[in-house]
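Just below is one structure, and these are the notes that go with it.
Convention: sequence-line order gives letters A, B, ...; per-chain numbering from 1.
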Number of protein chains: 2
Amino acid sequence: MPKISESEWEIMKTVWRENPLTAEQIVQQLPKDTEWSDQTVRTFINRLMKKRALGYHKSGRSYQYYPLISEKECVRAESKSFLNRVFNGAAGLMMTNFLEETQLSDKEIERLQQILTEKQGRDPQDPSRP
Amino acid sequence: MPKISESEWEIMKTVWRENPLTAEQIVQQLPKDTEWSDQTVRTFINRLMKKRALGYHKSGRSYQYYPLISEKECVRAESKSFLNRVFNGAAGLMMTNFLEETQLSDKEIERLQQILTEKQGRDPQDPSRP
DNA sequence: AATCAACTATTACAAATGTAAATATAACCC
DNA sequence: GGGTTATATTTACATTTGTAATAGTTGATT
C-alpha cells in the first residue's frame with residue numbers, strides 16, 4: 001500500500017468519487033477552496049501514477065485517470081496509522097475521545113447506538129454469526 | 001499549533017506520559033522496538049524545541065525536557081486533520097466506519113453506549129445543560 | 001588548571017512533499 | 001503535412017522528515 005500524502009489524498013478522493021476523470025476534470029472537481037495551479041495538480045497526479053495509485057487510458061489528446069487502489073484500503077491504512085500514532089493503537093480510547101469531543105446529530109447517535117447494539121454480545125471471533 | 005511529524009509524536013508521547021525527562025531517559029522510555037540511534041532521538045528533541053513543543057531546564061550537565069504543548073491540543077489537531085483528510089470532516093461517517101472495522105470488548109462497547117446515551121437528546125448548542 | 005567525558009548544537013545528506021516552470025509530444029485544424 | 005495548442009513529461013527548488021556523524025561546550029576529575 002503506497003503512502004499517500006495529504007495533497008495526494010485530495011486527488012484520490014476526487015477520483016474515487018467519480019472516475020475515470022481527465023486531469024482537467026480533476027482540477028475542476030477539487031474543492032473550490034483549493035488554490036493549486038493546474039501544473040501542481042498534474043504533478044500530484046503524476047506522483048500518484050508513479051506510486052501506482054492511479055492508472056489511465058488514453059482518450060483523444062488527454063488521459064483519463066482511474067484509481068488502482070480502493071478507497072476502503074486506503075482509509076483502513078490511514079486509520080491504522082492515525083490510531084497508532086495518536087492513540088497507541090487503542091481504538092476504544094480513540095472512540096470515546098471522539099465521541100466526547102464531537103458534536104453529533106441525534107440521527108448519527110442513533111445510528112451508532114444501533115451498530116453498537118448489533119456488535120454487542122456477539123462472538124468476537126465469529127462476527128458473521130450473531 | 002506546530003505540526004508534529006510521525007517520529008516526533010513518539011517523543012512527545014513519551015514526554016507527556018512522564019516529565020521532565022532527560023534525553024537519555026527519553027531514549028530509554030521509547031517503545032522497545034524503536035531502532036533510532038541516540039543521536040537521532042536527540043535530533044528529534046531538538047526539532048521539537050525549535051517548534052516550541054518542548055522546553056527544558058538545565059540540570060547538572062544535561063537538560064530536562066518537558067512539554068510546552070498539551071497532549072489534548074495535539075490530539076485534537078491531529079484528529080481534525082485526519083478527519084478532514086480521510087473523511088472530509090464527516091465525524092459520524094468516520095465513527096460508523098471505525099465501529100464496523102474495529103473489534104471492541106464488551107466493556108468498551110458499554111462505555112461507548114453510555115456516552116452516547118448521555119449525549120442523546122441534549123441541546124447541541126448547550127452541552128453543559130442536560 | 002588541564003583534561004576527560006557527557007551533553008548539546010551544528011552540519012550532512014537523501015527521500016518525500018509542496019509548488020510550479022520549462023520542455024516535449026502528439027492530436028487537431030487548415 | 002505543418003503549425004498550433006492542449007496535454008503530458010521533465011526539471012526545479014525550497015521545506016520537511018528520517019537518519020545520523022561531527023563539532024563544540026561544560027560540568028566533573030585529578
Side-chain angles (χ1 to χ4, degrees), chain A residues 1-15 19-31 33-66 68 74 77-78 81-82 84-86, chain B residues 1-15 20-31 33-66 74 77-78 81-82 84-86:
Chain A
M1 179 77 19
K3 187 171 176 350
I4 308 296
S5 83
E6 177 117 8
S7 305
E8 289 163 355
W9 262 91
E10 278 317 315
I11 311 289
M12 290 307 294
K13 281 191 290 190
T14 304
V15 177
N19 63 74
L21 288 179
T22 66
E24 203 191 352
Q25 290 174 317
I26 292 176
V27 169
Q28 280 162 4
Q29 300 202 19
L30 284 170
D33 59 331
T34 326
E35 304 214 324
W36 298 325
S37 83
D38 282 26
Q39 278 315 309
T40 298
V41 175
R42 282 159 209 267
T43 299
F44 293 148
I45 293 175
N46 250 293
R47 287 182 182 164
L48 287 167
M49 302 241 316
K50 284 227 182 74
K51 294 181 182 183
R52 315 226 28 92
L54 289 182
Y56 71 92
H57 47 254
K58 286 197 99 144
S59 146
R61 56 184 152 261
S62 63
Y63 289 176
Q64 297 209 282
Y65 300 95
Y66 56 87
L68 291 179
C74 283
E78 192 76 20
S81 156
F82 166 73
N84 283 321
R85 179 178 45 237
V86 178
Chain B
M1 179 76 22
K3 185 169 176 353
I4 309 294
S5 82
E6 177 119 8
S7 305
E8 290 164 354
W9 262 91
E10 279 315 315
I11 311 289
M12 291 307 294
K13 280 191 291 189
T14 303
V15 178
L21 289 179
T22 66
E24 204 191 352
Q25 290 172 319
I26 292 176
V27 169
Q28 279 160 6
Q29 300 201 21
L30 283 170
D33 60 329
T34 325
E35 306 213 325
W36 298 325
S37 85
D38 282 26
Q39 278 316 309
T40 298
V41 174
R42 282 159 210 269
T43 299
F44 293 148
I45 293 175
N46 250 295
R47 287 182 182 164
L48 287 167
M49 304 239 316
K50 284 226 182 76
K51 292 181 183 183
R52 314 226 29 91
L54 288 182
Y56 71 92
H57 47 256
K58 284 196 102 141
S59 145
R61 55 186 155 261
S62 63
Y63 290 176
Q64 297 209 283
Y65 300 95
Y66 54 87
C74 283
E78 192 75 21
S81 156
F82 165 73
N84 283 322
R85 179 178 45 239
V86 178

Legend entry - B:Thr43 (side chain) donor-acceptor with B:Gln39 (main chain) under 3.5 angstrom: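 Checked: pair present.
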Inset, instruction - Look at the side chain of B:Glu10 and the backbone N and O of B:Ser7, then say whether any donor-acceptor pair between them is shorter than 3.5 Å. - result: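 The answer is no, because no donor-acceptor pair under 3.5 Å joins these two groups.
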With a 4.0 Å cutoff (strictly under), does any side-chain N or O of [X] reach OP1 or OP2 of [N]?
{"X": "A:Lys58", "N": "C:dA27", "value": "yes"}
{"X": "A:Arg61", "N": "C:dA26", "value": "no"}
{"X": "B:Ser5", "N": "D:dG18", "value": "yes"}
{"X": "A:Tyr65", "N": "D:dA8", "value": "yes"}
{"X": "A:Tyr63", "N": "D:dT9", "value": "yes"}
{"X": "A:Thr40", "N": "C:dA20", "value": "yes"}

In whole angstrom, what separates [X]'s [atom1] from [N]'s [atom2]?
{"X": "B:Gln64", "N": "D:dG27", "atom1": "CD", "atom2": "P", "answer": "15 Å"}
{"X": "A:Arg42", "N": "C:dA24", "atom1": "CZ", "atom2": "C1'", "answer": "14 Å"}
{"X": "A:Glu24", "N": "C:dA27", "atom1": "CD", "atom2": "C1'", "answer": "15 Å"}
{"X": "A:Gln25", "N": "D:dA6", "atom1": "CD", "atom2": "P", "answer": "16 Å"}
{"X": "A:Leu48", "N": "C:dT17", "atom1": "CG", "atom2": "P", "answer": "10 Å"}
{"X": "A:Asn46", "N": "C:dA21", "atom1": "CG", "atom2": "C1'", "answer": "15 Å"}
{"X": "B:Ile11", "N": "D:dT19", "atom1": "CD1", "atom2": "P", "answer": "12 Å"}
{"X": "B:Ile26", "N": "C:dA6", "atom1": "CD1", "atom2": "C1'", "answer": "16 Å"}

Inset, instruction - Would you please say whether a donor-acceptor pair under 3.5 Å links the side chains of A:Ser37 and A:Thr40? - result: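 Yes.
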Over all strands shown, is [X] touching base, sugar-phosphate only, or nothing at heavy-atom distances under 4.0 angstrom?
{"X": "A:Tyr56", "result": "nothing"}
{"X": "A:Asp38", "result": "nothing"}
{"X": "B:Ser37", "result": "sugar-phosphate"}
{"X": "A:Ser62", "result": "sugar-phosphate"}
{"X": "A:Thr43", "result": "base"}

Inset, instruction - Tell whether B:Gln39 reaches the base of C:dA9 with its side chain through a donor-acceptor pair below 3.5 angstrom. - result: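 Result: at least one qualifying N/O pair found.
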Legend entry - Residue whose closest nucleotide on DNA chain C lies nearer the 5' end, B:Met49 versus A:Arg47: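 So the residue in question is B:Met49.
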Inset, instruction - Calculate, to the nearest 0.5 Å, the distance between atoms CD1 and OG1 belonging to A:Ile11 and A:Thr34 respectively. - result: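 With rounding to 0.5 Å, CD1 (A:Ile11) is 8.5 Å from OG1 (A:Thr34).
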Inset, instruction - Please work out whether the ring planes of B:Phe82 and A:Phe82 are parallel, tilted or perpendicular, with thresholds of 30° and 60°. - result: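 Parallel: the ring planes of B:Phe82 and A:Phe82 meet at under 30°.
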Inset, instruction - Return the nearest nucleotide to the side chain of B:Lys51; candidates are D:dT9, C:dT17, D:dT17. - result: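 My answer, after comparing the listed nucleotides, is D:dT17.
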Legend entry - Aromatic ring proximity, centroids under 6.0 angstrom, A:His57 and A:Tyr66: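 Between A:Tyr66 and A:His57, the centre distance is under 6.0 Å.
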